[in-house]
2 protein chains.
Amino acid sequence: MLKTIFRFGLIIAALLILFELSKASLFIPELSSDVIIALSGAVFVGLGIYVGLKLRKERIVEVTAPVAIDHEQVKTLGLSEREMEVLQLIAEGFSNKEVAEKLFLSESTIKTHVSNLFVKLDVKRRAQAVTKAKALRIIHA
Amino acid sequence: MLKTIFRFGLIIAALLILFELSKASLFIPELSSDVIIALSGAVFVGLGIYVGLKLRKERIVEVTAPVAIDHEQVKTLGLSEREMEVLQLIAEGFSNKEVAEKLFLSESTIKTHVSNLFVKLDVKRRAQAVTKAKALRIIHA
DNA sequence: ACTATTTTGGTACTAAAGTATGAGTGCTAA
DNA sequence: TTAGCACTCATACTTTAGTACCAAAATAGT
């Protein structure tokens with residue numbers, strides 16, 4: 001979020017600078033208004049393309065190989081055994097209720113585990129947790 | 001491809017029109033040069049962002065394609081282009097709302113796509129869809 | 001030009017998922 | 001023995017997800 005604010009701040013700053021430059025240019029008699037508008041238009045388009053491409057970057061995904069589980073990573077994140085079990089089942093697409101049944105626990109307990117997992121993995125949703133867990137190689141592909 | 005050419009044609013046409021409009025505006029005394037430049041700048045930035053986002057689609061394939069997507073599988077399942085886009089974003093852990101924002105669509109539309117995806121993939125939940133889609137190699141790991 | 005499909009969007013629900021908070025149990029290391 | 005941690009479960013919400021049904025556009029293909 002801060003990053004986004006920073007970027008937009010930069011963009012606004014750039015806009016202001018260009019704006020001032022354009023104004024100044026208007027008083028240089030050698031340049032016709034045509035040229036000025038064309039130039040500023042080109043610059044603004046470039047700026048827009050830059051912004052558009054920046055927006056793209058957030059979509060790039062890490063690709064992971066189907067390899068062994070990184071137990072170091074698990075330790076570092078402080079994931080408990082139960083949490084790992086729950087995470088694995090969630091990654092297989094089971095609902096909280098189904099996970100609860102498989103592990104002979106109440107749905108409440110699963111929700112607690114899942115919430116704790118989200119904090120430790122720094123995610124907001126289970127699908128995100130699954131993707132991150134696979135990227136970190138803490139569950140089977 | 002024709003679509004792309006057509007769109008870029010439109011963009012160029014729009015640029016020319018705006019260009020002419022901007023020139024004409026210079027001779028309307030009510031509008032200060034400040035306003036004109038600001039407006040045209042904003043419009044050009046918008047155009048640039050549009051172009052940038054269009055470029056994005058082609059690029060992301062290059063960046064995230066180390067694991068080949070099984071296009072045969074995609075055809076067999078009858079998944080449309082839009083559905084694939086939505087599926088990919090869901091696999092990255094985004095909520096329906098977030099996907100809607102990224103694709104400039106309403107959440108309703110995303111829900112429709114997601115529901116259709118579930119039928120085609122024969123799953124009940126998004127996490128399950130993600131796991132199955134990865135297993136079938138129809139999205140990037 | 002005319003279909004078939006895709007894409008988009010809406011309303012109205014129901015069902016899951018997720019958050020916040022509290023609390024009891026049991027195990028273990030200081 | 002007690003402080004800390006893992007595990008369990010509950011209540012009470014709020015928020016997303018998902019289903020069902022419908023319908024208007026935009027596109028693609030013939």
Side-chain angles (χ1 to χ4, degrees), chain A residues 71 74-133 138, chain B residues 1-11 50 53-54 56-57 71 74-133 138:
Chain A
H71 296 287
V74 176
K75 265 187 198 168
T76 305
L77 294 170
L79 300 181
S80 71
E81 260 188 72
R82 243 348 185 196
E83 284 166 352
M84 286 297 287
E85 282 185 281
V86 173
L87 181 57
Q88 181 63 51
L89 288 171
I90 280 178
E92 289 170 29
F94 294 109
S95 68
N96 289 334
K97 199 176 177 182
E98 288 167 339
V99 173
E101 283 164 6
K102 280 179 187 295
L103 299 181
F104 304 106
L105 298 175
S106 80
E107 198 181 336
S108 287
T109 305
I110 304 304
K111 284 188 176 185
T112 303
H113 285 318
V114 170
S115 282
N116 291 333
L117 273 169
F118 288 175
V119 172
K120 290 178 181 177
L121 289 175
D122 187 32
V123 296
K124 290 284 177 196
R125 278 171 295 280
R126 54 177 51 211
Q128 207 179 343
V130 171
T131 294
K132 189 151 189 178
I138 57 180
Chain B
M1 186 45 91
L2 271 177
K3 212 164 61 178
T4 307
I5 292 172
F6 178 69
R7 281 181 182 155
F8 273 85
L10 260 187
I11 291 166
Y50 175 76
L53 289 177
K54 283 298 157 192
R56 173 193 64 177
K57 197 174 172 186
H71 296 287
V74 174
K75 263 188 200 167
T76 305
L77 294 171
L79 300 181
S80 72
E81 257 189 75
R82 243 344 186 200
E83 283 166 353
M84 287 295 287
E85 281 186 283
V86 172
L87 181 57
Q88 180 65 49
L89 289 170
I90 279 179
E92 289 169 32
F94 294 109
S95 68
N96 289 334
K97 199 177 179 182
E98 288 167 339
V99 174
E101 282 165 8
K102 281 181 187 291
L103 299 181
F104 304 107
L105 298 175
S106 80
E107 198 182 335
S108 287
T109 305
I110 304 304
K111 284 187 175 186
T112 302
H113 287 317
V114 171
S115 282
N116 292 334
L117 274 168
F118 287 177
V119 172
K120 291 178 181 177
L121 289 176
D122 187 31
V123 297
K124 290 284 176 196
R125 277 172 296 280
R126 53 175 54 209
Q128 209 180 340
V130 170
T131 294
K132 188 151 189 177
I138 57 180

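Hydrogens, waters and symmetry mates play no part in the numbers below; they use all other heavy atoms, side chains included. A note on names: the letters A, B, ... follow the listed sequences, proteins ahead of strands, and every chain is numbered from 1. Everything numeric in this text was worked out from a predicted model, so none of it was measured.
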key: Distance, rounded to the nearest Å, where B:Asn116 contributes CG and D:dA20 contributes C1'   = 12 Å
Under the side-chain hydrogen bond (donor to acceptor under 3.5 Å, both in side chains) test, residues paired with A:Thr109 that sit two or more places apart = A:Ser106
Nearest-angstrom distance from the residue atom CG of A:Leu89 to P of C:dA17 = 13 Å
Side-chain heavy atoms of A:Leu89 within contact of A:Glu92, under 4.5 Å = yes
request  = Would you jot down, in residue-number order, the residues of residues 121-129 of chain A having a non-hydrogen atom under 4.0 Å from DNA chain C?
outcome  = A:Arg125, A:Arg126
message = Distance check needed: C:dT8 P versus B:Leu117 CG, whole Å only.
response = 13 Å
Under-4.0 Å salt bridge between B:Glu98 and A:Arg125 = yes
Length of the CD1-P vector between A:Ile90 and C:dA17, whole Å = 8 Å
request  = Rounding to 10 degrees, work out the angle separating the end axes of the helix from C:dT7-D:dA24 to C:dA30-D:dT1 (five pairs an end).
outcome  = 50°
Sole residue of B:His113, B:Glu81, B:Lys111, B:Lys102 in side-chain contact (heavy atoms from CB on, under 4.5 Å) with B:Val86 = B:His113
ask   = For DNA chain C, which residues in residues 94-111 of chain A have a heavy atom at a distance below 4.0 Å?
value = A:Ser95, A:Asn96, A:Lys111
message = Could you tell me how far apart B:His113 (NE2) and C:dT5 (C1') are, to the nearest whole angstrom?
response = 13 Å
B:Glu81 CD to D:dA28 C1', straight-line distance once rounded to whole Å = 12 Å
message = Using the side-chain hydrogen bond (donor to acceptor under 3.5 Å, both in side chains) criterion, which residues pair with A:Lys120? Sequence neighbours excluded.
response = A:Glu83
ask   = Roughly, in whole Å, what's the span from CG in A:Leu77 to P in D:dA6?
value = 13 Å
ask   = Which atom names give the shortest non-hydrogen contact between B:Val123 and B:Ala129, and what distance separates them?
value = CG2-CB, 3.7 Å
ask   = Any donor-acceptor pair under 3.5 Å linking the side chain of B:Lys132 with the backbone of B:Leu121?
value = yes
key: Qualifying residue, where the test is side-chain contact (heavy atoms from CB on, under 4.5 Å) with A:Thr112 and the options are A:Ile110, A:Val114, A:Asn116   = A:Asn116
message = Testing the basics here: between A:Ala127 and B:Arg126, what is the closest heavy-atom pair and its distance to 0.1 Å?
response = CB-CD, 4.5 Å
remark   = Heavy atoms of B:Ala91 and B:Val130 approach each other most closely as CA-CG2, 3.5 Å
ask   = How would you list, by chain and number, every residue that makes a side-chain hydrogen bond (donor to acceptor under 3.5 Å, both in side chains) with A:Glu85, sequence neighbours excluded?
value = A:Arg82
key: Short side-chain N/O contact to C:dT19 OP1/OP2 from A:Ser115, under 4.0 Å   = yes
task = Round to a whole Å and report the spacing from CD of B:Glu85 to C1' of C:dT6.
result = 13 Å
query = Which of the following nucleotides, D:dA10, C:dG18, C:dT6, is nearest to the side chain of B:Ser80?
reply = C:dT6
